[in-house]
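Only one structure is covered here, and it is reproduced in the block below.
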Amino acid sequence: MADFEHVFDAPPEGAAADWTIGQDWASYTPVEHQTWDTLYARQMQILPGRASDAFLNGLKALDLNAGGIPDFEVINPKLKALTGWTVVCVPGLVPDAVFFDHLANRRFPSGQFIRKPDQLDYLQEPDIFHDVFGHVPMLTDPDFADYMEAYGKGGQRAAGLGVLPQLARLYWYTVEFGLMESPDGLRIYGAGIVSSATESVFALDDPSPNRIGFDLERVMRTLYRIDDFQQVYFIIPSIEALKAETLRDFGPIYERLQGASDIPVEAVLAGDDVRTRGTQTYAARGGRFAA
Ligand SMILES: [Fe+2]
């Protein structure tokens, strides 16, 4: 996820200077491999017809269902040959600067652990299922691969300009919770959605959330929630369009954003390209915390 908190100032013991650790694939237990298989099978019941072609093609290209948790030594050569990206393990949360440096160099940081069998639906920290199943297939798409590298470089710049919260919203509403158009209707590509059985359905089908056409400055001004389903999703026309939109100089945008107010999660503005005007019923009832 984009908004890592600073938990440590220096790499913890056992981690390299860039905060990476070994995956130690041989250390995963049969129960942990089974958890991957269970989550994978469950998502594949839901995702055909919902996930973008880029995501589904990436899953196939990397063969992430070879049996249990993927071994990075097996998937990295395939991923590297396709787009130059690799996956590296990190010990949980890493500082923003470390995160951006990895992305800028086409390395995607992944958690090493997998959730426990009694936490299949909700966990606070991204695990290897969220990070590898959710994020890595999209990195096989050449345009998305470019976008993610550009995001890492943009993060390094934004940090120096004091606009990280605004840039993090772009990551949130695209890489984590993005929707895109397709000839057959809306599709999901955000890792936070495709790795969640419940949000995979909610994001496309539920009448509660707003669904709004992507607008870069609008997205950068919009707050988000980290504890429940999103109250607004933004729709990109295509990955190529997202890349084109974000490969320009953000300097003038950041200047305009300095004086702009934040937009609440449930807001619909006069200039919005509204595809669904949500009822917001789910959030009004208390969301996941409803009795
Ligand atoms: Fe994520």
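FYI, the numbering just counts along the sequence from 1.
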State plainly whether one hydrophobic cluster holds both Ile46 and Tyr233, where clusters connect Ile, Leu, Val, Met, Phe, Trp and Tyr through side-chain heavy atoms under 4.5 angstrom apart. no
Should Asp18 and His102 be marked as a side-chain contact (heavy atoms from CB on, under 4.5 Å) after you check the CA-CA gap, both sets of side-chain angles, and the distance that decides it? CA-CA 8 Å; Asp18 65 358; His102 281 303; 3.7 Å; yes
Any chance you could measure [X], atom [atom1], to [Y], atom [atom2], to the nearest 0.5 Å?
| X | Y | atom1 | atom2 | answer |
| --- | --- | --- | --- | --- |
| Gln166 | Leu161 | CD | CG | 10.5 Å |
| Thr20 | Gln112 | OG1 | CD | 12.5 Å |
| Ile21 | Glu13 | CD1 | CD | 13.0 Å |
| Lys80 | Leu82 | NZ | CG | 12.5 Å |
| Ser195 | Leu39 | OG | CG | 9.0 Å |
| Asp37 | Asn65 | CG | CG | 6.5 Å |

Decide yes or no for [X] and [Y]: does some side-chain heavy atom of the first lie under 4.5 Å from some side-chain heavy atom of the second?
| X | Y | result |
| --- | --- | --- |
| Asp206 | Val201 | no |
| Ile226 | Tyr224 | yes |
| Ser52 | Met138 | yes |
| Ile188 | Ser200 | yes |
| Leu179 | Ile236 | no |
| Pro70 | Leu64 | yes |
| Phe202 | Tyr282 | yes |
| Ile193 | Ser196 | no |

Salt-bridge criterion met for [X] and [Y] (N-O under 4.0 Å):
| X | Y | answer |
| --- | --- | --- |
| Glu32 | Arg115 | no |
| Asp121 | Arg42 | yes |
| Arg221 | Asp215 | no |
| Asp118 | Lys116 | no |
| Asp101 | Arg107 | yes |
| Arg50 | Asp205 | yes |

Quick one, Trp172 with Gln230, criterion side chain to side chain donor-acceptor pair (under 3.5 Å). Give me CA distance, side-chain angles, the key distance, then yes/no. CA-CA 10 Å; Trp172 190 264; Gln230 301 306 300; 2.9 Å; yes
Would you say [X]'s side chain and [Y]'s backbone share a donor-acceptor pair under 3.5 angstrom?
| X | Y | result |
| --- | --- | --- |
| Arg187 | Gly49 | yes |
| Arg106 | Thr83 | yes |
| Trp36 | Gly67 | no |
| Asp249 | Gly251 | yes |
| Glu176 | Gly190 | no |
| Asp272 | Val268 | no |
| Asp71 | Trp25 | no |
| Asp273 | Ile212 | no |
| Thr140 | Pro137 | yes |
| Asn76 | Val87 | yes |

Residues Ser182, Asp184; criterion side chain to side chain donor-acceptor pair (under 3.5 Å); working and verdict: CA-CA 5 Å; Ser182 88; Asp184 302 313; 4.7 Å; no
Is it the case that over 12 heavy atoms from other parts of the model lie below 6.0 angstrom from the CZ atom of Arg288?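 Yes.
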Take atom CD in Glu73; do more than 12 heavy atoms of anything else shown fall under 6.0 Å from it?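 Not buried by this count: 12 neighbours or fewer within 6.0 Å.
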Looking only at the aromatic ring of each residue, does the gap between the centers of Phe133 and Phe55 stay below 6.0 angstrom? yes
Is the distance from the ring center of Phe214 to that of Phe234 below 6.0 Å?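 No - the distance between ring centres of Phe214 and Phe234 does not fall below the 6.0 Å cut-off.
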I'd like to know whether Gln119 forms a side-chain contact (heavy atoms from CB on, under 4.5 Å) with Asp127, so could you lay out the CA-CA distance, the side-chain angles of the two residues, the decisive distance to 0.1 Å, and finally the verdict. CA-CA 11 Å; Gln119 309 175 299; Asp127 71 341; over 6 Å; no
Name of the residue among Tyr189, Phe144, Phe108 meeting ring pair (Phe, Tyr, Trp, His ring centres under 6.0 Å) with His135: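 The ring pair (Phe, Tyr, Trp, His ring centres under 6.0 Å) with His135 is passed solely by Phe108 among Tyr189, Phe144, Phe108.
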Run the side-chain contact (heavy atoms from CB on, under 4.5 Å) test on Thr35 and Leu120 for me, step by step, so that the C-alpha distance in whole Å, both residues' side-chain angles and the decisive distance to 0.1 Å come before the verdict. CA-CA 8 Å; Thr35 297; Leu120 290 190; 3.9 Å; yes
Stepwise side-chain contact (heavy atoms from CB on, under 4.5 Å) test for His130 and Ile114: CA-CA 9 Å; His130 169 85; Ile114 193 158; over 6 Å; no
Give the minimum heavy-atom separation between Gly213 and Arg275, together with the two atoms involved.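 Shortest heavy-atom separation between Gly213 and Arg275 comes out as CA-NH2, 3.8 Å.
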Please name the pair of heavy atoms, one in Val265 and one in Tyr173, separated by the smallest distance, quoted to 0.1 Å. CG1-OH, 4.2 Å
Quick one: do Thr281 and Arg285 satisfy side chain to side chain donor-acceptor pair (under 3.5 Å)? Show the steps, please. CA-CA 6 Å; Thr281 305; Arg285 285 186 184 147; 5.7 Å; no
Step by step, would you call Glu266 with Arg225 a salt bridge (Lys or Arg N to Asp or Glu O under 4.0 Å)? CA-CA 11 Å; Glu266 73 284 1; Arg225 45 186 317 167; over 6 Å; no
Knowing that exactly one of [options] qualifies, which makes a side-chain contact (heavy atoms from CB on, under 4.5 Å) with [X]?
| X | options | answer |
| --- | --- | --- |
| Pro252 | Glu255, Arg256, Arg248 | Arg256 |
| Thr246 | Leu170, Asp146, Thr174 | Leu170 |
| Cys89 | Trp19, Phe72, Phe113 | Phe72 |
| Tyr147 | Leu139, Leu242, Asp141 | Leu242 |

Partner set under ring-ring contact (aromatic ring centres under 6.0 Å, His included) for Tyr254, not counting sequence neighbours: Phe250
Dump the intermediate steps for ring-ring contact (aromatic ring centres under 6.0 Å, His included) on Tyr171 and Phe99, then the final yes or no. CA-CA 12 Å; Tyr171 189 95; Phe99 182 67; 5.8 Å; yes
